[in-house]
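Read the structure below first, then the notes.
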2 protein chains.
Amino acid sequence: MDAPKFPTFRPLYQQIKDLLLERIASGEWSPGTYIPSEAALAASYDVSVGTLRKALNELVAENVVIRQQGKGTVVATHDTDRVLFRFFNLWRHDGERGLPVSRPLGRKLRKATADEARDLGLEPGAKVIHISRVRDLEGVPTLVEQITLEAARFPGLEKDPEVLPNTLYHLYQQRFGQTVAHADESLVAVAASAQDAEHLDVQPGDPVLQIRRIARDYQGTPIERRISTVTTRHYGYFNQL
Amino acid sequence: MDAPKFPTFRPLYQQIKDLLLERIASGEWSPGTYIPSEAALAASYDVSVGTLRKALNELVAENVVIRQQGKGTVVATHDTDRVLFRFFNLWRHDGERGLPVSRPLGRKLRKATADEARDLGLEPGAKVIHISRVRDLEGVPTLVEQITLEAARFPGLEKDPEVLPNTLYHLYQQRFGQTVAHADESLVAVAASAQDAEHLDVQPGDPVLQIRRIARDYQGTPIERRISTVTTRHYGYFNQL
DNA sequence: TAAACTATATCCTATACATGACTTGCGGTT
DNA sequence: AACCGCAAGTCATGTATAGGATATAGTTTA
């Protein structure tokens, strides 16, 4: 009758799944690594192959690992198109899409604002790295990004790679061991600021789309705060329900 | 070596899944119906329970059916909160959400515009039903909806229920046997028109969010075209990646 | 009457095993 | 050197079965 808030038991395959995820999150199996085979893992945990399989299939559903018949099971990286487009939802109105090209605007180390600290779960005044850039789609300036990162997780990023790559998430993963596994986005329509208007080639006050994203790691801890201001003349934000 | 564009074989469980989906789409098992048990279905199709189970689990993942231990497997309806909120992505900025209340603006039978015909996959000039309404969230007018439906699928809807219910998808399902199974949405920021501004209590030209949705049935055929114009002062469009 | 128990039906978990499909590398052949 | 075929390793599919968890209805019991 009463809904049991604390489930009375926890399936074995979920426990296995947790153990596997832990080994991935800890870096023991870093992204790009092929993990042991079904049979080997099942034997090492002393469970049946079916049980281990069910655990792995949940990780596939969560985009943590990718399995391929005949090859093996690999921890997902951010360099495949599939994962890359998962975090890029802008489509041209005719249904096509292109990859954005970035132009840097600024990069510096400073203290977090109150909003930034709240979104990233940091102490007020904690050190953060702030990056801003413009991104062009097919040569047309389309969005301005304001990115904030916890400095402690990305030591040296305020200076180090002289030129930032186009896709930051791959850099986070390769250079700092920070993998973006999930993200929440909240979209609102706002009037373009004078600055954004200049970068985006629109008039101040023109309507633009503002996307506030918080990107998280495997455990759900915030890694990145990103505010994208987008002109939707040629592109729109696409979503499947 | 070459990627086989036409897969060389089709797994049994997918064939079973198609057969099950067909029986649901055809109306043989209408929403709310409990379908036969695993064992019965497996026997009737002459496959193992495990195979049938895999087919059903895919339908669960696609929100077509809901399985509950001890009870059975039921075809999903649009009257549960879970399914309802799947198609309603507006959240208050503090993270809470409320259910909208609707006020009718108009309803009529007319010929489709070119855009409407294209979006719904109809012949130019086909008969459609157009519905417009304002929706309040916590007493504040927040969005204006312009809804277009193929008249042939919804006979009499231009007049019949004197008062439209708050959640239309449940009505589509109950009265017309039309179940919305998927939807695509495209979001852009636009300037509020004079009309929308009046309904939403903003100034003409103020930035508002425009959501263009095409809702589809089990097979992917368009059922409904809906353009929502939203003021994002208090609410935002939320998405999980 | 109300609570506890029982029986049954359902889906869920877990195991075991056989076979098929796919990838890769190794040898041998040309 | 290039090609071909084979073998081994991997995940995918399909079957079979036993027992557990959950829901419901009916029966017994206090």
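Computed over heavy atoms, backbone and side chain alike; hydrogens, waters and symmetry mates excluded. Numbered from 1 within each chain, the chains take letters A, B, ... in sequence-line order.
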Could you list the donor-acceptor pairs under 3.5 angstrom formed between side-chain atoms of residues 161-168 of chain A and any protein atom two or more places apart in sequence or on another chain?
{"residue": "A:N166", "atom": "OD1", "partner": "A:S102", "partner atom": "OG", "Å": "3.0"}
{"residue": "A:N166", "atom": "OD1", "partner": "A:R135", "partner atom": "NH2", "Å": "3.3"}
{"residue": "A:N166", "atom": "ND2", "partner": "A:P100", "partner atom": "O", "Å": "3.0"}

**Report entry** Minimum side-chain heavy-atom gap A:T221-A:I223 below 4.5 Å
**Finding:** no

All N/O pairs under 3.5 Å across the protein-nucleotides 4-6 of chain C interface:
none

Report task. Write down the distance between CG (B:L56) and C1' (C:dC12), rounded to a whole number of angstrom. Result -> 13 Å

**Report entry** Spacing between A:Q14 atom CD and D:dG20 atom C1', to the nearest angstrom
**Finding:** 15 Å

Query raised in the report: For the pair made of CZ in B:R10 and C1' in D:dG14, what is the distance, rounded to whole Å?
Result: 16 Å

Query raised in the report: If you measure from CG on A:L41 to OG1 on A:T73, what distance do you get to the nearest 0.5 Å?
Result: 8.0 Å

Report summary line: A:L41 CG to D:dG9 C1', in whole Å, measures 15 Å

Query raised in the report: Is a side-chain N or O of A:Q173 found less than 3.5 angstrom from the main chain of A:H78, in a donor-acceptor match?
Result: yes

Report summary line: For residues 72-86 of chain A, the salt bridge (Lys or Arg N to Asp or Glu O under 4.0 Å) pairs (sequence neighbours left out) are none

Query raised in the report: Is the closest side-chain donor-acceptor distance between B:E138 and B:Y235 under 3.5 Å?
Result: yes

Query raised in the report: Are the charged groups of B:R107 and B:E158 less than 4.0 angstrom apart, N to O?
Result: no

Report summary line: note: B:Y13, atom OH; C:dA21, atom P; distance rounded to Å ~ 14 Å

Query raised in the report: Near DNA chain C, which residues from residues 60-78 of chain B have a heavy atom under 4.0 Å away?
Result: B:R67, B:Q68, B:Q69, B:G70, B:K71, B:G72, B:T73

Report summary line: Taking D:dT13, C:dT15, D:dG14 as options, the one with an atom nearest any side-chain atom of A:S48 is C:dT15

Query - Whole-Å distance separating the CG atom of A:L52 from the P atom of C:dT13 - result: 15 Å

Query raised in the report: To the nearest Å, how far apart are A:Y34 OH and D:dG9 C1'?
Result: 13 Å

Requested in this report: Output all residues satisfying side-chain contact (heavy atoms from CB on, under 4.5 Å) with A:V75, sequence neighbours left out; order by chain, then residue number.
Outcome: A:I24, A:W29, A:P31, A:I35, A:Y218

**Report entry** side-chain contact (heavy atoms from CB on, under 4.5 Å) partners of B:K54, counting only residues at least two apart
**Finding:** B:Y13

Report summary line: Taking C:dC11, C:dA14, D:dA16 as options, the one with an atom nearest any side-chain atom of B:S37 is C:dC11

Query raised in the report: Can you check the B:E38 CD to D:dT22 C1' distance for me, whole Å?
Result: 14 Å

